[in-house]
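Worksheet for the structure shown next.
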Amino acid sequence: MFKEAALAALRQALGEDADAVGDLAAQLTPPPKIEMGDLAFPCFPLAKIRRAAPPKIAAELAAAIAEAGTAGGPIAEVKALGPYVNFFADPAAMLDGLHMSLADGSFFEGCKSDTSTRVMIEFSQPNTHKVFHVGHLRNVAVGDALVRVFRARGHDVVAANYYGDFGIDVAKCLWWLNSHAQEEPPTDGRTAWLGKAYTAATLHVAAAEAAGKEQGDAIKAEIRAVLTAMEEGEPEITALYQKTRQWCLDEFAGIYDWLDVRFDHEFFESQLEEAGNKVVDDYVAKGVFVESQGAIISDLEEDGCGVALVRKSDGSSLYMTWDLALARAKFDEFDVQTSMYVVGSEQTLHFKQLFATLGKMGYARAKDCRHVSYELVMLPEGKMSSRKGTAIPFHLLRTHVLDAIRAKMAAAGSEVDDEAASKIAIACLKYGMLHVGNTRSVIFDIDEWTNPEGDTGAYLLYSLARIAGIQRKAGDGVDVASPVPADSGFGGEAERALLTHLTAYPSVLARVERTCDPSGLAGYVFEGAKRFSRFYQECPVVKAEPALKHARLKLAASAQRIFTEALGLLGIDAVEVM
RNA sequence: GCGCCCAUAGCUCAAUGGAUAGAGUACCGGCCUCCGAAGCCGGUGAUCGGGGUUCGAAUCCCUGUGGGCGUACCA
């Protein structure tokens with residue numbers, strides 16, 4: 001409403017120059033500091049057109065707008081600050097407008113994209129029979145946040161998981177279990193226990209290979225035989241496979257449940273073998289795939305991404321084979337327009353090859369496939385290594401984080417129940433994973449992430465708990481739906497800084513959609529919490545004069561609504577008391 | 001070798017090509033008679049080097065250096 005008014009006034013003042021400037025709305029942005037106003041327009045591009053210095057043009061425009069008159073509207077003041085034309089909103093009108101749009105739902109409706117598409121977001125992709133560790137958590141946090149943001153933007157989202165529950169690595173684990181005396185697995189952390197068996201098997205193979213080609217080949221043949229037995233349904237191996245696979249799936253389900261992450265559809269590698277082989281056969285027949293060095297490849301040299309192997313020379317399928325079948329299912333059975341893959345950056349080439357291959361296969365929507373890539377999770381002491389055992393399995397991680405939260409809460413003299421402790425722990429974990437941009441590696445540091453002071457999930461929840469505290473103590477008997485009374489005195493810097501920030505929310509969601517990077521939203525919530533804290537410090541609500549109390553309560557309520565929503569999109573649940 | 005990504009304060013991170021590069025942490029100094037001090041306010045402290053494009057560059061281009069990842073029978 002304010003921005004529309006500012007745009008209209010600007011357009012009028014520009015006259016015929018308006019078209020020459022380009023997208024006015026895009027150029028009219030919040031200035032770096034609140035004392036500079038709520039929106040600002042840079043006059044540099046006009047310098048050539050009007051053949052005058054930018055500050056002079058800014059002054060002329062500001063004068064023209066002031067002359068045309070803005071009295072009574074949402075614009076309180078317009079003035080030139082150097083080469084910029086700065087617009088100041090009327091704070092009470094802006095607050096009334098914001099609150100009303102929140103009440104009637106138009107605020108969040110206005111967060112939606114102009115067009116709605118059907119999009120599948122595939123993420124998590126855990127491997128059974130391997131450790132599920134902190135690194136995997138980043139994927140879950142990013143993927144889940146994107147699912148929620150895309151839904152908030154009005155898209156028809158299918159959240160998909162894709163389990164790596166088949167193949168030579170699984171066989172390797174089972175081979176180890178079969179060929180080595182094992183203790184009974186623990187009830188908690190059975191996936192990690194299987195992961196250890198997998199690691200032991202890998203080390204064993206490496207040692208055998210180092211000892212000589214014959215020893216290495218012999219062991220690999222044994223593992224290969226296990227895979228064949230799995231494929232052919234040999235009873236004993238199948239029973240072991242089914243049992244251990246289910247352990248892992250159950251544990252994954254428990255993790256997702258704890259994290260409040262839901263999937264609409266689950267794919268399994270074990271179910272793609274046949275379809276994958278058929279895809280390869282089909283497109284060999286069509287001449288899209290060709291034989292090379294005994295294997296079947298998709299030749300992508302002219303696309304600049306080498307060759308992609310789609311069938312090994314021994315006839316077995318691999319990652320790419322299954323991904324082709326999976327992509328086909330996504331297009332044909334789920335009819336998705338856009339297909340997103342949340343996968344680590346180390347697989348960038350794989351996805352370039354996959355998308356290029358899909359294009360060659362004739363799928364026009366290959367161009368709407370997107371690899372959402374993110375960097376690794378590191379530990380303060382360096383790279384995580386499952387070999388060195390520094391990769392923390394999830395079941396231990398959860399315990400460690402909960403312990404850290406409880407210890408710090410106790411130290412701060414605060415008592416929380418298990419549910420609140422869980423919520424805080426999850427907030428710390430997810431915020432820790434999400435506040436860093438996708439292109440940068442995350443350093444996982446339990447102590448820092450659970451720090452009650454500073455840039456953490458706990459700080460965000462604390463801020464929201466304080467807003468809730470205001471509502472409890474001052475909320476009764478005030479009808480915040482009515483307009484802010486005249487001469488309330490509302491509109492100090494801390495108040496306007498918070499208010500302006502709240503109105504920027506829709507543009508943040510649009511940016512997250514565009515970049516597929518939730519860190520912008522995490523940063524938004526943190527900045528909002530900072531601004532709220534300053535408001536909280538400087539602006540008493542309960543003790544304020546009635547008119548001012550009314551306005552401040554209204555602001556607090558609006559902040560609570562928007563921050564709760566924003567946190568929700570990050571997969572973080574607020575707590576009333578902490 | 002080739003390709004992709006990264007380099008900002010002691011440390012961890014921000015900054016749709018726009019105004020004096022912002023936060024957190026750490027360190028120093030203030031603020032609880034007042035809605036929750038897990039907070040607020042102030043101070044110290046930074047764009048890896050060299051070119052270029054632009055009215056304007058942390059951001060775009062070239063180049064050097066230092067890291068990470070990938071580079072057909074792993075996923």
Side-chain angles (χ1 to χ4, degrees), chain A residues 26-27 29 31-33 36 40 42-45 47-48 53-54 81-84 86 125 127 130 164 167-169 172 202 269 292-298 304-314 316 318-320 322-323 343-350 352-353 373 375-376 378 380 383 408-409 411-414 424 435-437 439-443 445 448 451-456 458-459 461-463 465-474 494 507 510-511 514-515 519-520 522-523 526-527 530 533-544 549 552-553 556 577-578:
Chain A
Q27 293 181 48
T29 54
K33 288 193 194 304
M36 297 173 177
C43 296
F44 305 104
K48 272 185 189 158
L81 287 174
Y84 292 84
N86 293 37
Q125 305 109 333
N127 290 315
K130 283 187 189 171
I168 196 74
D169 285 342
K172 210 183 266 184
T202 304
E269 264 179 21
S292 168
Q293 299 174 27
I296 307 292
I297 62 159
S298 163
C305 43
V307 297
L309 199 67
V310 297
R311 177 177 292 161
K312 296 194 245 178
S313 50
D314 68 0
S316 63
L318 69 167
Y319 192 34
M320 183 63 82
W322 306 321
D323 249 344
V343 179
S345 64
E346 69 276 11
Q347 291 188 42
T348 300
L349 179 60
H350 169 80
K352 270 179 79 172
Q353 293 180 332
S373 114
E375 285 296 320
L376 291 175
M378 316 260 280
K383 258 193 88 170
K408 287 173 188 189
M409 302 286 288
S414 175
I424 297 166
H435 85 290
V436 175
T439 58
R440 299 177 59 116
S441 55
V442 161
I443 297 178
D445 185 335
E448 197 170 292
N451 192 341
E453 292 161 15
D455 187 9
T456 65
Y459 172 73
L461 293 191
Y462 177 69
S463 301
R466 295 214 294 183
I467 300 182
I470 293 179
Q471 311 286 2
R472 280 195 299 273
K473 285 176 178 125
S507 69
R511 194 172 86 233
R514 196 173 62 247
T515 58
S519 66
F526 177 67
E527 176 65 23
K530 290 289 298 172
S533 291
R534 186 178 158 211
F535 162 77
Y536 186 89
Q537 193 76 22
E538 295 180 12
C539 307
V541 177
V542 177
K543 295 198 165 181
K549 178 177 175 181
R552 287 176 172 173
L553 211 46
V577 179
M578 65 182 281

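Proteins get letters first, then strands, A, B, ... in listed order; numbering begins at 1 in each. We use all heavy atoms of the structure for the numbers below, so side chains are in, but hydrogens, waters and symmetry mates are not.
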Considering all heavy atoms of both residues, which atom of [X] and which atom of [Y] are nearest to each other, and what is their separation?
X: A458(A); Y: M578(A); result: O-CE, 3.8 Å
X: E538(A); Y: A494(A); result: OE1-CB, 3.5 Å
X: K408(A); Y: N451(A); result: NZ-N, 4.1 Å
X: Y459(A); Y: G454(A); result: CB-O, 3.0 Å
X: S533(A); Y: R466(A); result: OG-NH2, 3.6 Å

Y319(A)/H350(A) aromatic ring centres below 6.0 Å: yes
Any side-chain heavy atom of [X] sitting closer than 4.5 Å to one from [Y]?
X: R552(A); Y: I470(A); value: no
X: V541(A); Y: F535(A); value: yes
X: V577(A); Y: R472(A); value: yes
X: S519(A); Y: R440(A); value: no
X: Y462(A); Y: P452(A); value: no
X: N127(A); Y: D169(A); value: no

Donor-acceptor pair, side chain of Q27(A) and main chain of P42(A), under 3.5 angstrom: no
Heavy-atom donor-acceptor pair, E375(A) side chain to V442(A) backbone, under 3.5 Å: no
Please classify the nucleic acid contact of [X] as base, sugar-phosphate, or nothing, using heavy-atom distances under 4.0 Å.
X: A40(A); result: base
X: G437(A); result: sugar-phosphate
X: S519(A); result: nothing
X: V436(A); result: sugar-phosphate
X: V577(A); result: base
X: C539(A); result: base
X: D323(A); result: nothing
X: A465(A); result: base

If you measure from the [atom1] atom in [N] to the same atom in [M], how many Å do you get, rounded?
N: C40(B); M: U25(B); atom1: P; answer: 8 Å
N: A15(B); M: A75(B); atom1: P; answer: 36 Å
N: C61(B); M: G45(B); atom1: P; answer: 33 Å
N: A7(B); M: C11(B); atom1: P; answer: 15 Å
N: G64(B); M: A58(B); atom1: P; answer: 22 Å
N: G22(B); M: A9(B); atom1: C1'; answer: 11 Å
N: G10(B); M: U20(B); atom1: C1'; answer: 24 Å
N: A38(B); M: C60(B); atom1: P; answer: 41 Å

Just name whichever nucleotide pairs with [N], Watson-Crick or G-U, keeping both distances under 3.5 Å, else none.
N: C74(B); value: none
N: U8(B); value: none
N: A21(B); value: none
N: A46(B); value: none
N: G56(B); value: none
N: C35(B); value: none
N: G3(B); value: C69(B)
N: U16(B); value: none

Closest nucleotide among [options] to the [X] side chain:
X: K383(A); options: G68(B), G36(B), A38(B); value: G68(B)
X: P31(A); options: A19(B), G36(B), U25(B); value: A19(B)
X: I443(A); options: C13(B), G24(B), A19(B); value: C13(B)
X: V542(A); options: A19(B), C35(B), U12(B); value: C35(B)
X: R534(A); options: C41(B), G24(B), A19(B); value: C41(B)

What is the separation between atom [atom1] on [X] and atom [atom2] on [N], rounded to the nearest whole Å?
X: E453(A); N: C40(B); atom1: CD; atom2: C1'; result: 12 Å
X: I470(A); N: G36(B); atom1: CD1; atom2: P; result: 8 Å
X: K33(A); N: A19(B); atom1: NZ; atom2: P; result: 11 Å
X: F526(A); N: G22(B); atom1: CZ; atom2: C1'; result: 11 Å
X: L461(A); N: G39(B); atom1: CG; atom2: P; result: 13 Å
X: D445(A); N: U12(B); atom1: CG; atom2: P; result: 11 Å
X: D455(A); N: G24(B); atom1: CG; atom2: P; result: 9 Å
X: Y536(A); N: C32(B); atom1: OH; atom2: P; result: 16 Å

Of K473(A) and L81(A), the one whose closest RNA chain B nucleotide lies more 5': L81(A)
Along RNA chain B (nearest heavy atom to each residue), the more 5'-positioned of N451(A) and P540(A): N451(A)
Return no unless some side-chain N or O of [X] is found under 4.0 Å from OP1 or OP2 of [N].
X: Y459(A); N: C40(B); answer: yes
X: K530(A); N: G39(B); answer: no
X: K48(A); N: C55(B); answer: yes
X: R472(A); N: G36(B); answer: no

Under 4.0 Å protein heavy-atom contact, by nucleotide of nucleotides 2-9 of chain B - B base, S sugar-phosphate only: ---SSSB-
Protein-to-nucleotide contact annotation, 5' to 3' order, nucleotides 70-75 of chain B [B base; S sugar-phosphate only; - none; under 4.0 Å, heavy atom]: S-BBSB
Glycosidic class, syn or anti, of C31(B) using a 90° window around 0: anti
